[in-house]
Amino acid sequence: MRDDPTFVEQIHRDLRDVRWLPPEEIRSRGRRRSQRRIVVATVVLALAGVSAVAVAAPRKSSPPALPAAAPSASPTQHEITTDALLQPADLPQQVDVQLSQSGLGEPVLLDHMLAVCRASQGHSPGWQYSILSRSQTLVPKRAAAILTESDGLVTQDVFRLAPDAAVQLLANLDDLVAPCAEWNSVGEYKVGGATGTGSATHRWAVVQRDFAGDGAALLRHTGSQPVDQKTGEPIGAPPRPTTTAVVRVGDLITVLSLGQAGTELDLRRLAEVAARRMCVAANPAC
């Protein structure tokens, strides 16, 4: 009998010493999404003076095996690779930094303030939860090293959902925003050295549909000039309306928003480009 273990025996011995993470810890490590303004500032500071840097390049993976019973069937797409997202060449101006990150089980968050409005009236946020997702922020080329959230040119999230959930998200969008067609918010404020209690009226509406992909919508949020509740004096600057594009291609949903200089026409055009990009990762394929 020989004393030297075979290669297979050595693998079995090594595997016995491996500590496998519990499922909940694996899931928590998958939730890596952080506030974009923090990520943008940190990465740009680290990459100051470096142009056209891509962060988190797509991972290479082998295609899933075909079912033995149906060798001619098309494989099901799972991972959302970066080629399914908007690319720098899709934008009308140069991009200095492209930030990308992925996540597991993330909510399809359309508008944070909309969730606050619904909660104030006793409703759940109403978000669908994804199987997995990929997000990016495209930042315009500029000399300044520190960027704020408003400096972002485009923010994009792409989510993979169960097929029925992806369809329902757009079908139920009007019902989601209905409680917040007109909502009065009240809260404490601090502007410069002045403090007090202010109020403002917020409105959400679905303003356009079916202009891209297998279904699409533009969700517009407008707010009135905040005023001090005691004096009636205006607080700060009048808010600018914001619009979010929601587009479905197969089992994928993308949520797009533009920076301060973008218009709804720009957003709609970019959503059409995003829908074509998503085809490479959608189930079923385009």
Side chain proximity check, P163 to N283, heavy atoms < 4.5 angstrom: no
Taking all non-hydrogen atoms of both residues, which atom of A275 and which atom of V247 are closest, and how far apart? CB-CG1, 4.0 Å
Just verifying a value: how many Å separate L110 CG and Q128 CD, rounded to the nearest 0.5 Å? 10.0 Å
To the nearest 0.5 Å, atom CD1 of I131 lies from atom CZ of F159 at 12.5 Å
Would you name the heavy atoms of H221 and D111 that are closest together and state the gap between them? CB-OD2, 3.9 Å
Using 0.5 Å steps for rounding, measure from the OG1 atom of T244 to the CZ atom of R220. 11.5 Å
Can you tell me how far SG of C279 sits from CG of L252, rounded to the nearest 0.5 angstrom? 9.0 Å
Would a distance-only check, ignoring hydrogens and angles, find a side-chain to backbone donor-acceptor pair under 3.5 Å from D251 to R160? no
Counting only N and O atoms by type, is there a donor-acceptor contact under 3.5 Å from the side chain of Q94 to the main-chain atoms of P88? no
Please determine if D174 and R209 form a salt bridge, counting it only when a charged side-chain N lies under 4.0 Å from a carboxylate O. yes
Apply the side chain to side chain donor-acceptor pair (under 3.5 Å) test between S257 and each candidate in T155, D157, T243, T242; give the one that qualifies. T155
Closest non-hydrogen atom pair between G198 and Y189, with its separation: N-CD2, 3.5 Å
Of all heavy-atom pairs between G105 and Y129, which one has the smallest distance, and what is that distance? O-CD2, 3.4 Å
Less than 4.5 Å apart, any side-chain heavy atom of L258 and any of T263? no
Under 3.5 Å, is there a donor-acceptor pair between the side chain of R118 and the main chain of P125? yes
Check whether E182 reaches the backbone of C180 with its side chain - one donor and one acceptor, N or O, closer than 3.5 Å. no
Kindly assign one of parallel, tilted or perpendicular to the pair H202 and W183, based on the angle between their ring planes and the thresholds 30° and 60°. tilted
Does Q156 use its side chain to pair, donor to acceptor, with the backbone of L86 at less than 3.5 Å? yes
Grab the two heavy atoms, one from I235 and one from D228, that are nearest each other, plus how far apart they are. CD1-N, 3.5 Å
Should V255 and L109 count as side-chain neighbours, where that means a heavy-atom distance under 4.5 Å? no
H78 atom NE2, neighbour heavy-atom count above 12 within 6.0 Å: no
ILVMFWY cluster, V227 and M113 together (side-chain gap under 4.5 Å): no
Test your reading of the model: is there a side-chain donor-acceptor pair from Q121 to the backbone of P179, 3.5 Å cut-off? yes
Can R134 and S100 be counted as having a side-chain donor-acceptor contact under 3.5 angstrom? yes
Do R277 and V158 come within less than 4.5 Å of each other through their side chains, counting heavy atoms only? no
In the structure I gave you, are the side-chain heavy atoms of P226 and P239 within less than 4.5 Å of one another anywhere? yes
Do V207 and L267 share a hydrophobic cluster (ILVMFWY, side-chain heavy atoms under 4.5 Å, transitive)? yes
Check: S133/E106 side-chain N/O donor and acceptor closer than 3.5 Å: no
pair V167-R248: side-chain heavy atoms closer than 4.5 Å: yes
T197 side-chain N/O to Q229 backbone N/O, donor-acceptor pair under 3.5 Å: no
Could you measure the distance from the CD atom of Q225 to the OG atom of S199? Nearest 0.5 Å is fine. 10.5 Å
Where W204 and L114 come nearest, the two heavy atoms and their spacing: CZ2-N, 3.5 Å
So, taking the atom named SG in C286 and the one named CZ in R276, what distance separates them when rounded to the nearest 0.5 Å? 11.0 Å
The residue among L218, L169, T254 that forms side-chain contact (heavy atoms from CB on, under 4.5 Å) with V246 is L169
Got W127 and L176 here, is their nearest side-chain heavy-atom distance under 4.5 Å? yes
